[in-house]
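Just so we're clear, the structure is a prediction, and the values are computed from it rather than from any experiment. Every chain is numbered from 1, with letters handed out A, B, ... down the list of sequences. Reckoned from all heavy atoms, side chains included, excluding hydrogens, waters and symmetry mates.
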Amino acid sequence: MQEYNFAYLDEQTKRMIRRAILKGLAIPGYQVPFASREMPMPYGWGTGGVQVSAAVLTPDDTMKVIDQGADDTTNAVSIRKFFERTAGVATTTVTGEATVIQTRHRIPEEPLKEGQILVYQVPIPEPMRFLEPRETETRKMHALEEYGLMHVKLYEDISRHGHIATAYAYPVKVEGRYVMDPSPIPKFDNPKLEMAAIQLFGAGREQRIYALPPHTKAVSLDFEDHPFEASKADHPCGLCGAQDSYLDEVIVDDEGGRLFVCSDTDYCTHRQEAAR
Amino acid sequence: MTGVEPMIALSDVSKTFTLHNQGGAVIEVMRNASLSVAKGECVALVGASGAGKSTLMRMVYGNYLAAKGKVVVAGLDVAQAAPREILALRREVMGYVSQFLRVVPRVPTLEVVAEPLLAVGEDREAALARARDLLTRLNIPQTLWSLSPTTFSGGEQQRVNIARGFAHPYPVLLLDEPTASLDAANREVVLTLIEEAKDRGAAIMGIFHDEAARDRVCDRVVDVTGFAPLQAA
Amino acid sequence: MTPLLSVRALTKRYGPHIGCADVSFDLWPGEVMGIVGESGSGKSTLLNCMAGHLVCDSGQVIFDTRADGPTDTLTMSEPARRMLSRTDWAFVHQHARDGLRMGVSAGGNVGERLMAVGARNYGDIRDTAIDWLGRVEISETRIDDRPTTFSGGMQQRLQIARNLVTGPRLVFMDEPTGGLDVSVQARLLDLLRGLVRDMGLSAIIVTHDLAVVRLLADRLMVMKDGHVVEAGLTDQVLDDPQHAYTQLLVSSVLQV
C-alpha cells in the first residue's frame, strides 16, 4: 500500500483550495465557495479547517492544534495526530514555535507574529443566516452592502437583555466592507482579529473559505450608545493568576466548587513555569 | 352677459348613459344645456323630479362625464380636465354639499368638518376653531363632536355635511337640498350661511325644493326641463 | 410640476398569457390611486412590476428621484433600486407576515429600515419606534413583543409603521385591508388616510374592494384581462362608469 499524499489531500485539491484562499485574501471577509472534500472525520469536527491546513502546510512547518484554547482535548489531539501521520510535520503546543495553528473557538493569548498562519474551524460562515435563511438573499445583501439586518440582531439583544448579549461569533465589519462571522470565538478575542499573522477560515460542510490578511481592520458592530465591549469573567486565573486572559469556568468537586482557569493551556502553563 | 367671466358656465352640454349590460341601450338625458352663474349669484335649478337637476349638478362637479359640450368652472373645462385638475378644483375652488354624508368610519365629527381646511393646508388649530364655530352654529351638541357622524340621525348628518361644505370659503358652491330635513332654527342658520357665502362673492348653484328658501336666497331660477332631449329635438 | 411616477407601456407576459399589457399613467405627488379588478385581472402583477418585485417584459417605470430627477427604475442598477425601495418607497403586503420579520420584536421590525440606512444610536432608534407604534395605535408596552403575538389588524398596522418610518414618498399597497374584520378595516382606512394626508404620501392601492377605493383613492384604474379598461376620478368612475366591465363591477357589489 502506498503512503498518503503529503497532508492527505491530492495536489489538485490542494491547488483548488489554495486558489480559494488567495481569492479570500484578496477580498478580505468575502466568503469564497470551494469544493469541500469528504474528510476522514465527521462534519463539525473541523473538516473545513483541516482542508485549509492541508492546503497551506509545507514539510518544514511546525503545527499546533487547539480546541477552545486547549492542546489536549480530543479534537485537538486527533487533528494533530492526523497531520503527524499524513504530513509528517513537526508539532508543538507552544504558540510562539508554531508556523501553522489550527484553532476551534479561540485566538491564542500570546500575540501572533508575521509568518504565522491561524486557521479557524467554522461551523456557519454566514453571519446573517439566522435572520435571513435564504442564501440567495444573503449573498445579494453582501454584494449590495445591505447590513441593516445585522444591527437588528444587536437591537434585539439590547431590547431583551439591556445590553448586547451576543458573547461569541460576534460579527465584525472587515475593512469597512464585508460583514464577517469570526467563527464562534468569544467576543473577548474580537480585538485580536487585527493581528500580524494571516488568518484563514474554513467551513467544510458549508463549503466556504474566507480570510483576513495581516493587519486587516475588523471592527465589531455596535451602537453609539451601546459600544462593543470585549468582556470576560471577572476573575484572575485560578492556576497562573493571569488577569488578562480568557477564562473557562471549571467545576472542581461535587459541592459545586468552581475554579476559573485560562482557556489557553499553553499560555497558562508558561506563566506557571515562569512563576516557579 | 356682463364682461365679467362667469364662475360656472355650461354651453351645449349633453349627457347620455350607455347601459352596456342591458343590450347597449343608450339613454339620452340632457341635450344642449347652457347656463352660467356669476360671482355672488345664487341660481336654483328647478324642474320635475327626474328632469335632470342632479345630473346637471354632478356634471358640474365632475362626478358625471358630459357626453358633449363645455362645463367651465373657474376657467377649467371639467368635461375635459385631467383628474388631478379636477381634484385641485374641488380642493380649492368648488365645494359640494350633497344629501348624503360619505365619510371614513370612526373619524370624529370635528375632524370631518375641519378636513377641507386641512386639505388646503390651513393651520390645524385654525381649522378646528372654524369647525367648532360651524358645529356650534348648526346646533350639533358638543358632546357629539368627538364621535363619528356615521352613528348620527339623518338631520344631524345633514348638518355635519353642511358644516363640512361651508368650512372652506369655496368660490363655487353646489348645494343639493341644503335645507331638507332641517327644523326651522337650523334652516335659518343654513340660509344665513348661504347669504354670507353670496356676500363674500361665491357663485352658488343649488337644488331647493323648499320654495320659501329658494325665494329668499336665489337670484335666478333655471328650469332644466328646457334641457330635456325631447323638447330640444 | 413633475409626476412622482410615470408608467409607460408596461407589459408583462407569463408565456402566452398576459399579466398586464401596455399600462401607462402618471401619478402626481400627494395622489392616491386605486387599481381595481377581479382576481386575475393583472392588478397585482402590475403592482409587483412597478415595485420591482417582478421583471417585466417592456415599458418604463420612471420615478422622480431626489438626487437625479426622473429616472427609469427598470434600467437602474440593482443597488440603486434597492436603496430607493428602502428610502423612498414602501410596500405594504396583503399578508402582514410577508412584510414583517415574525421572529423579530415590534421595535426591531420598525427599526430595521432605520438601521439599514445607517442609524446607529439604539436610544434614537427605539424612540422613533415608540413614536411610530403610537402613530399606528400600538401600545408602547408591546414594543418588545413579537408580531406573532399580535392580532391581524395590529400586524397590519405594524407593517405600515415599519414601511413608513423612513418617510417614503410612494407607497404600494396590495389589498391592505384584505382578510381583516370590517371594524378593523375601518380603523386601518382611517389611519392610512391620515398618514397619507399628513406625510403628503402618494400611494397606489390594489384592491377588489370598491368601498376601500371610494374612501381612500383620488383616482381609479379599472383592469380586466391585463388591460386598463377605464380610468378617472374615483367617484366619477364608480358613479358614472363608461365601460361595460366597470358597469358590471359596480352593479355587482352591495351598495356602499
Nearest non-hydrogen partners of A:L149 and C:E112, listed with the distance: CD1-OE2, 3.6 Å
Chain A contacts, top residue of C:R120, C:M115, C:R113 (heavy-atom pairs, under 4.5 Å): C:R120
NE2/C:H17: more than 12 non-hydrogen atoms of other groups inside 6.0 Å: no
Nearest-0.5 Å distance, CG of residue C:L114 to NE2 of residue A:H151: 12.5 Å
Among the listed options A:R160, A:M150, A:E146, the residue most often paired with chain C at heavy-atom distances under 4.5 Å: A:E146
Residues, nucleotides or ligands: over 12 heavy atoms within 6.0 Å of A:K232 NZ: yes
A:R258 atom CZ, over 12 foreign heavy atoms within 6.0 Å: no
Over 12 non-hydrogen atoms of neighbours within 6.0 angstrom of OH in A:Y168: no
Exceeds 12 heavy-atom contacts within 6.0 angstrom, atom CZ of A:R15: no
Proximal component of C:R101, with respect to chain A [non-hydrogen, under 4.5 Å]: side chain
Distance (rounded to the nearest 0.5 Å) between A:F223 CZ and C:R126 CZ: 11.0 Å
Top contributor to chain A interface from C:G111, C:G123, C:G103, C:G107 [non-hydrogen pairs under 4.5 Å]: C:G107
Toward chain A: residues of residues 143-169 of chain C with heavy atoms under 4.5 Å: C:I143, C:D144, C:R146
Neighbours of chain A found in residues 70-89 of chain C - heavy atoms under 4.5 Å: C:E78, C:P79, C:R82, C:R86
Other residues, nucleotides, ligands: >12 heavy atoms within 6.0 Å of A:R129 CZ: yes
More than 12 heavy atoms from other groups under 6.0 Å of CD on C:E140: no
Spatial distance of atom NE2 (A:H226) from atom CG (C:N121) [nearest 0.5 Å]: 8.5 Å
Aromatic ring pairing A:Y155/C:Y122, orientation class (parallel under 30°, perpendicular over 60°, tilted between): tilted
